[in-house]
Asker: 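Here it is, the structure, as structure tokens.
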Amino acid sequence: MNMNKNKLCRTLLLSSLLLGGTFTLSHAQDEPLVAGIEAAFPPWAYAQGGEYKGIAVDAMRAIAENQGLEVEFRDMPWPSLIPALANERIDLLVTGLNVTRERNEVLDFTIPWWENDDEVLVNADSELNVVTALCCGATIGAQGGSTQHSWIQANLVENEDIDVTLRSYEDYVTAIEDMGVGRIDSVVVSTDTAEDFISKGRDVRIAGTITQGQPQALAVSRGDPNGILGTLNRGIMELYESGKWQEIVHSYAPYATIRQIPATMPDYVRTYQEPIAGLGEE
Amino acid sequence: MVFDTLVAEFPFLLRGLWIGVQLLAALLALGFVLGLTLAVMSVYGHWTLRLFTVVFERIFRGIPEIVLLLLFFYGIGELLPLSPFLAAVLALGLRSTAYQAQIFRGSIQSVAGGEVMAARALGMSRLGAIWHIVLPQALRRSIGPWTNEYSAELKATSLAYVIGVVELTRQASYIVSNLQGNTLTVFAVVAAMYFVVNRLGNAGLYALERKLAVPGFEGRGASS
């Protein structure tokens with residue numbers, strides 16, 4: 001009897017050893033390029049029915065196909081994506097990524113494929129307008145670390161004539177829910193996300209638009225270690241010129257205005273200095 | 001609409017839960033093997049080995065899980081590229097090692113020293129006495145405290161999403177973002193799923209404890 005129990009103890013010990021070994025072996029590194037996405041960011045990238053979908057995901061698949069790249073997607077939360085790319089733990093970043101000075105220091109951007117403005121969202125039954133939603137004691141919400149957040153900080157909070165409070169949120173869903181229960185007055189969010197909230201039946205309306213012309217692009221690690229920047233730029237241009245890009249965008253965002261590609265290219269971006277990789281050879 | 005989506009996406013919540021359970025099994029197994037080794041070293045080892053176990057435990061019990069995850073994925077990953085899953089197994093598994101070592105050290109020390117002396121007097125080797133006399137008793141006594149470690153680590157798997165492991169919590173955030181809301185409903189379902197796995201695991205461990213109890217020994221009430 002007692003010997004049996006000893007045996008059981010030892011069998012448990014051995015089987016746990018074996019279990020540990022199996023898991024270690026079955027998760028080796030793979031060969032294809034790893035594209036980091038944030039699959040909680042519709043309409044650019046999201047997961048539904050166990051599949052990654054969205055404008056950025058479909059566009060990347062199309063580019064990979066016509067440029068002969070092999071790409072697999074890896075989902076990470078937004079705050080992890082840029083560090084992962086900067087440390088070359090992923091090979092490219094495919095999402096609604098805004099081109100900014102700070103990011104230009106650690107990443108190499110492809111040509112911009114999109115431009116965004118910011119929308120001021122208020123509750124559907126709110127009486128606030130575009131001015132009162134952003135002044136005179138209003139509390140404004142934005143995603144921490146976003147371009148909207150830094151814009152409000154620099155232009156409204158630090159201006160002493162305008163009395164506003166800025167709250168940061170980890171994501172816009174929480175910000176919108178907080179506005180719904182009356183903790184904040186307005187939320188400033190990019191046009192595509194604002195339209196997504198409205199089309200999904202959230203009880204909000206757009207009080208006004210802040211024209212930003214904020215370009216968005218894909219990015220690779222600084223110095224382009226895989227040498228794919230030119231290929232990606234070519235792929236983006238071909239996608240646009242073939243009309244496939246317009247098709248993909250409209251399948252996710254039927255009313256979106258398609259901007260010309262390349263969109264505005266700020267001159268502080270290293271990879272936008274002539275000659276631009278992959279463009280202009282023909 | 002929330003419920004339709006939840007029903008449609010439920011298989012993927014289950015898939016996320018399965019990834020979480022695999023992560024749990026792997027990290028607990030790693031922690032079990034290394035933790036038991038460290039515990040034996042800390043009780044019977046040379047002073048250098050004992051010093052090593054103290055330093056190891058201090059370090060891994062003194063750093064938050066999420067920081068360990070980031071350190072293993074970005075820090076160690078720089079030298080030796082690890083998949084997110086493997087990085088999570090190592091980060092959480094080594095932390096679990098430190099906690100499990102404490103559990104096993106306590107239960108090894110609870111076995112009366114005279115038993116080893118008696119075994120040695122009968123001609124058993126030192127390692128033989130530890131393997132045949134001490135560990136079978138110590139392991140039984142550690143099942144109770146070990147259930148706590150199981151519960152703690154199950155919940156810790158929910159942090160692995162920060163380095164890109166698509167487990168249950170991450171699958172839930174997919175649903176929240178698809179709906180652009182309904183955080184409360186979705187995470188209530190996820191909470192219930194963690195709760196059920198936790199209860200089932202604990203029930204299994206209690207049953208194991210009863211099954212393995214030494215007859216006549218004091219245990220958690222039920223055994224006698």
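The structure presented is a predicted model; accordingly, all values stated were derived computationally and were not measured.
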Asker: Quick check for you: among L90(B), L70(B), T5(B), V162(B), which has the greatest number of heavy-atom pairs under 4.5 Å with chain A?
Answerer: V162(B)
Asker: With a 4.5 Å cut-off on side-chain heavy atoms, are S177(B) and E38(A) touching?
Answerer: no
Asker: Of the listed residues (P77(A), G36(A), A84(A)), which shares the most heavy-atom pairs with chain B below a 4.5 Å separation?
Answerer: P77(A)
Asker: Tell me, out of G49(A), P83(A), G180(A), who's got the most heavy-atom pairs with chain B below 4.5 Å.
Answerer: G49(A)
Asker: When rounded to the nearest 0.5 angstrom, what is the spacing between CZ in F12(B) and CD in E51(A)?
Answerer: 8.5 Å
Asker: More than 12 heavy atoms of other residues, nucleotides or ligands under 6.0 Å from CD of E115(B): is that the case?
Answerer: yes
Asker: Against chain A, label L179(B) side chain, backbone, both or neither, depending on which of its atoms sit under 4.5 Å from a heavy atom there.
Answerer: backbone
Asker: Specify the closest pair of heavy atoms between A47(A) and E9(B), including all atoms of both residues, with the distance to one decimal.
Answerer: O-OE1, 4.5 Å
Asker: Mind listing the closest non-hydrogen atom pair of E177(A) and T183(B) along with its distance?
Answerer: OE1-OG1, 2.9 Å
Asker: Check each of V173(A), T174(A), D171(A) against V176(B) using the side chain to side chain contact (heavy atoms under 4.5 Å, CB included) test, and report the only one that passes.
Answerer: V173(A)
Asker: For the pair R89(A) (side chain) and L82(B) (backbone), establish whether a donor and an acceptor sit closer than 3.5 Å, ignoring hydrogens and angles.
Answerer: yes
Asker: Look at P43(A), G50(A), G201(A) and state which one has the largest set of heavy-atom pairs under 4.5 Å with chain B.
Answerer: G50(A)
Asker: Rounded to the nearest 0.5 Å, how far apart are NZ of K200(A) and CG of N182(B)?
Answerer: 11.5 Å
Asker: Give a yes or no on this: more than 12 heavy atoms of other residues, nucleotides or ligands lie within 6.0 Å of atom CG of L79(B).
Answerer: yes
Asker: Please report the shortest heavy-atom distance between D75(A) and R170(B), naming the atom on each side.
Answerer: OD2-NE, 2.6 Å
